[in-house]
Structure formats: structure tokens, C-alpha cells
Amino acid sequence: MNRKIKYIGMLCLLCVLLCGCRDTIKKQSSDWREDKIAVSESYGSDWSSTAAENEKYIFYLTQDGTIMRFDKEKQQKKRVIRIERQEDDPFTSLEVTEDKLYYLTENVLYQSDFDGRDRKIICSGEDIKNPPDDCVSWIYAVHIENNDIYLMLQGNVIGRLDKDKREINVITTTEDVNSESCFYKGGLFYRNKYGFTIYRQDLQTLKTQVVRGQELSQKDSEISERCRQIFMIGDQLYYICDQEGEKAKLYQYSENGEDEVKFEDDIPGDILQGIVTDSLQKIYVYYYSDSDNTCRLRSIDLDTGKTEEEGVLNNFDCEGLVIDGNYLYVSRDNRNVYSVLHLK
């Protein structure tokens, strides 16, 4: 009898331990920030990356090639799709709409539902028509705009998918286009490589015009004012200009030409650099502290002008993106996986 009671007691204890382990595993695995999220090449705030979100879900690609889905409300993770990719491939990326997941890997763009079902090929690099150069054969990133699919191609060339013919037609071939570009009110905005000029290309007529700056090239080295970055927050377009010896200024673009200065840097000659944005009218800027030369992150609220220290970026290498109140960045410790700083 005593042996039977002892046996039952051991079983109960084992059950408790197993339940505790299961709960521990569940708690540990529910935090998406602990996963190894693969690093991707950045083409600006409008283009796909290895992490994307909508109101309900976060989708991200792990280093081993798994696309994960995180439910913000339920705080649950789910494996959605397993893809074959090289661990250091910078051109695998995700884009999410209200009802579809798009993922780009090995030069092919796929579409699926949020559970990874109903997968189909949308297009591939072989569908590129009228390329400006024969070497333009790879798709680097994707953007969905008003149900149209735009693709960042090799050499910063931009194409648009003809869904009926499944052809990618090149729409922007200017040689000095910078990789950053934004979609705003029926136009594609981009700056040239040298930062002197911002262009707008009408997405219907495909005509291009200079909207800020002058039509200048690299040889115009005496021009000191440069546009450093253009980006979107919500449905507004912003850009940064700085001039030697003066404060860097962040402008909100206006179609009537009366752009509003939303922020001026405190230090003349300082550069607002590596800006990453979220959907809350905030930008995030890294800088190096004068006291100890550590890399730190600060946030700037564009509505109030208030700045706030967010934390230290350990062994910082370059900026990434903001997802659900978290700053993803590349650390020198591992350039293939994002490090994560939780924002205040």
C-alpha cells in the first residue's frame, strides 16, 4: 500500500514538473523579440523588410528561413511558412496588407493568406520587361500601393507589375536614383545619389519633375546644402536638409511649396542620421555620446518637438526598423540577426 501511495505521489510530482516546464516553454516562446530575426537590405520606409506588421499581426523571418506570425492581441506565435534561403541572403523580405502576406525569396515573389495557405507565385525576376540593362534581372524589395505592386530591381531600378500579363514593366531608370524612395499622393518621390535634388514621378503619366532642390550632379561640389533622407510617417512625406555650419532641419513636405520645419537639430553642423519611423509621429535617431562615445537612440515627437532618450545601442552597426514599439538594429556582434531595443 505504501509503495502504491509512493508511486502515485511520484506520478503527481512528475505531472507538476511537466506542466511547469510546458508553461515555462510557452512563456519563453511567446516573445517574438527573442527569436533570431534575419537582417535584410534597407530601401527606405516604404519597401519590404524581414519584419512587417498590420493592425493585428506581426510577420517576421527568422534566420533559419521560417516566416513567423505573432498575434498582438493573443500574444501568440505561429509558424506560417518555411522557405529555403541562404542565411546571409539580404533580399528575402516580407510585405503585409490587410488580408494578404507577400514574401520575396530567391528572386520570386509569392502571395499567401495569413496562415500560409493558398500560396501562389505572383512574379519573378524572369518577368522583367524592357530593362535598361541586361544585368537588371533581380528583385530586391516590394511595395503595395493602391493594389498595385511595385518592385525595387537591381541597380535601384523600379518596376510595376502588370497583373494581367504577369510582366514587370520598368518605370524609373534614372541612373543616379538613390535607393530611398517613397510613394505619396499618386507620385513616386526619390532623391538623387548626391542628395541635391528631390524628384516626383507621376505614377499615371510616368513624367518626372524636380520638386525640391536643383538639377545638379556630383561635379557641383560647391553646393553645400544636401537632402539626407526622405521618408513617410502615416500619409505624410518628410525630408531632411543640412548645410555646412548650420542646424539640420526636418521638413514636412507640402504640395504648395510651403514646407513646414518640424524639427531643428540642437547642434550646428550635426547631422540627423539613420532616421527610422513609426506610425505615431515619432522618428528615432542614433547618435554617439560625447562623454563616453557610446551609441544611443533618441526619439523625436514631430507633433510636440519633444526629444527623449530611448537607450543604448550595444555595438551598433546600422539602423533597421521599428516594429510594434521595438527598435530593430544591426549590431557588430552578429550582422545577420537584428538586435532589439524596447522603446519607452
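In this text the structure is predicted, and so the values were computed from the model without any measurement.
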Parallel under 30°, tilted from 30 to 60°, perpendicular over 60°: which one fits the rings of His143 and Phe183? parallel

Looking at Arg119 and Asp113, is there a salt bridge between them, counting it only when a charged N and a carboxylate O are closer than 4.0 Å? no

One should read off an interatomic distance between Ile240 CD1 and Phe263 CZ, to the nearest 0.5 angstrom, of 10.0 Å

From OH (Tyr286) to SG (Cys295), nearest 0.5 Å: 7.0 Å

Output all residues satisfying side-chain hydrogen bond (donor to acceptor under 3.5 Å, both in side chains) with Asn256, sequence neighbours left out; order by chain, then residue number. Ser254

Taking CG in Asn293 as the centre, count heavy atoms belonging to other residues, nucleotides or ligands within less than 6.0 Å. Is the count above 12? yes

Taking Ile67 as the starting point, is it possible to reach Ile139 by hopping between hydrophobic residues whose side chains are less than 4.5 Å apart? no

Glu55 atom CD, neighbour heavy-atom count above 12 within 6.0 Å: no

From the list Tyr184, Tyr238, Tyr239, ring pair (Phe, Tyr, Trp, His ring centres under 6.0 Å) partner of Phe189 resolves to Tyr184

With Asn146 via side chain to side chain contact (heavy atoms under 4.5 Å, CB included) - residues at least two apart: none

For Asp35 against Thr62, the heavy-atom pair lying closest together: CB-CG2, 4.3 Å

Would you please name every residue forming a side-chain hydrogen bond (donor to acceptor under 3.5 Å, both in side chains) with Glu260, sequence neighbours left out? none

Carefully, step by step, assess Ile158 and Leu188 under the rule side chain to side chain contact (heavy atoms under 4.5 Å, CB included). CA-CA 10 Å; Ile158 296 174; Leu188 172 68; 3.5 Å; yes

Does atom CD of Glu126 have more than 12 heavy-atom neighbours from other groups under 6.0 Å away? no

Closest approach of Tyr140 and Gly155, non-hydrogen atoms and distance? CE1-N, 4.4 Å

Are any of the side-chain nitrogens in Asp127 or Lys165 under 4.0 Å away from the carboxylate oxygens of its partner? no

Mind checking salt bridge (Lys or Arg N to Asp or Glu O under 4.0 Å) for Lys36 and listing every partner two or more places apart, or none if nothing turns up? none

Has the side chain of Thr97 got a donor or acceptor atom that lies under 3.5 Å from a matching backbone atom of Lys100? yes

Got a second to check how far Leu297's CG is from Leu343's CG, nearest 0.5 Å? 6.5 Å

Joint cluster assignment, Val330 & Leu328, ILVMFWY side-chain distance < 4.5 Å: yes

What pairs of residues pass the salt bridge (charged side-chain N to carboxylate O under 4.0 Å, His left out) test when at least one of them lies in residues 322-342, not counting sequence neighbours? Asp317-Arg335

Using a strict cut-off of less than 4.0 Å between a Lys/Arg side-chain nitrogen and an Asp/Glu carboxylate oxygen, indicate whether Arg82 and Asp64 qualify as a salt bridge. no

Taking all heavy atoms of Ile81 and all of Ser112, pick out the closest pair and write down the distance. CD1-OG, 3.7 Å

Show your working on side chain to side chain contact (heavy atoms under 4.5 Å, CB included) between Ile275 and Phe231 and close with a plain yes or no. CA-CA 9 Å; Ile275 284 188; Phe231 55 91; 3.9 Å; yes

Could you measure the distance from the CD1 atom of Ile230 to the CG atom of Leu237? Nearest 0.5 Å is fine. 6.5 Å

Just to verify, what does Leu206 make a side chain to side chain contact (heavy atoms under 4.5 Å, CB included) with, not counting sequence neighbours? Arg160, Ile171, Gln201

Go through the side-chain N and O atoms of Tyr329 and Glu319 and say whether any donor and acceptor fall under 3.5 Å apart. no

Tell me whether Lys185 is salt-bridged to Asp235, with the criterion being a basic N under 4.0 Å from an acidic carboxylate O. no

Please assess Val170 against Thr172 for the test side chain to side chain contact (heavy atoms under 4.5 Å, CB included), listing each intermediate value before the final yes or no. CA-CA 6 Å; Val170 171; Thr172 302; 6.0 Å; no

Answer with yes or no whether the side chains of Trp47 and Ser93 bring together a donor and an acceptor at under 3.5 Å. no

Starting at CG of Leu321, measure out to OG1 of Thr50 and round the result to the nearest 0.5 Å. 6.5 Å

Apply the test salt bridge (charged side-chain N to carboxylate O under 4.0 Å, His left out) to residues Lys78 and Asp115: give CA-CA distance (whole Å), side-chain angles for both, the deciding distance (0.1 Å), then the verdict. CA-CA 9 Å; Lys78 178 181 178 180; Asp115 290 312; 2.9 Å; yes

Verdict with supporting geometry, Leu153 and Ile168, side chain to side chain contact (heavy atoms under 4.5 Å, CB included): CA-CA 10 Å; Leu153 308 177; Ile168 301 171; 4.3 Å; yes

Tell me, which pairs form a salt bridge (charged side-chain N to carboxylate O under 4.0 Å, His left out) where one or both residues lie in residues 299-314, sequence neighbours left out? none

Path from Ile128 to Leu161 over hydrophobic side-chain contacts below 4.5 Å: yes

Which residues satisfy the side-chain hydrogen bond (donor to acceptor under 3.5 Å, both in side chains) test with Asp46, sequence neighbours excluded? none

For Arg79, is the CZ atom crowded, meaning more than 12 foreign heavy atoms sit under 6.0 Å from it? no

Residue pairs passing the salt bridge (charged side-chain N to carboxylate O under 4.0 Å, His left out) test where at least one lies in residues 201-210, sequence neighbours excluded: Arg200-Asp202

Who are the side chain to side chain contact (heavy atoms under 4.5 Å, CB included) partners of Thr294, not counting sequence neighbours? Ser289, Asp292, Arg296

Distance from Cys123 atom SG to Asp162 atom CG, nearest 0.5 Å? 11.0 Å

Any idea which heavy atoms bring Val211 and Tyr199 closest together, and the distance? CG2-C, 4.1 Å

Heavy-atom side-chain contact between Arg212 and Tyr253 under 4.5 Å: yes

Given the rule that I, L, V, M, F, W and Y join up when any side-chain heavy atoms are under 4.5 Å apart, are Val39 and Trp32 in one cluster? yes

Could you tell me which non-hydrogen atom of Gly213 sits nearest to which non-hydrogen atom of Val210, and how far apart they are? O-CG1, 3.6 Å

Mind running ring pair (Phe, Tyr, Trp, His ring centres under 6.0 Å) on Phe59 and Tyr103 for me, showing each step along the way? CA-CA 10 Å; Phe59 290 90; Tyr103 61 99; over 10 Å; no

Qualifying residues under side chain to side chain contact (heavy atoms under 4.5 Å, CB included), relative to Lys56, sequence neighbours excluded: Asn54, Asp71

In the single-linkage hydrophobic clustering (I, L, V, M, F, W, Y; side-chain heavy atoms under 4.5 Å), do Val108 and Leu151 co-cluster? no

Sequence neighbours left out, what passes side-chain hydrogen bond (donor to acceptor under 3.5 Å, both in side chains) with Tyr327? Give chain and number order. none

So, for Val337 and Gln63, which heavy atoms are closest and what is the spacing to 0.1 Å? CG2-OE1, 3.4 Å

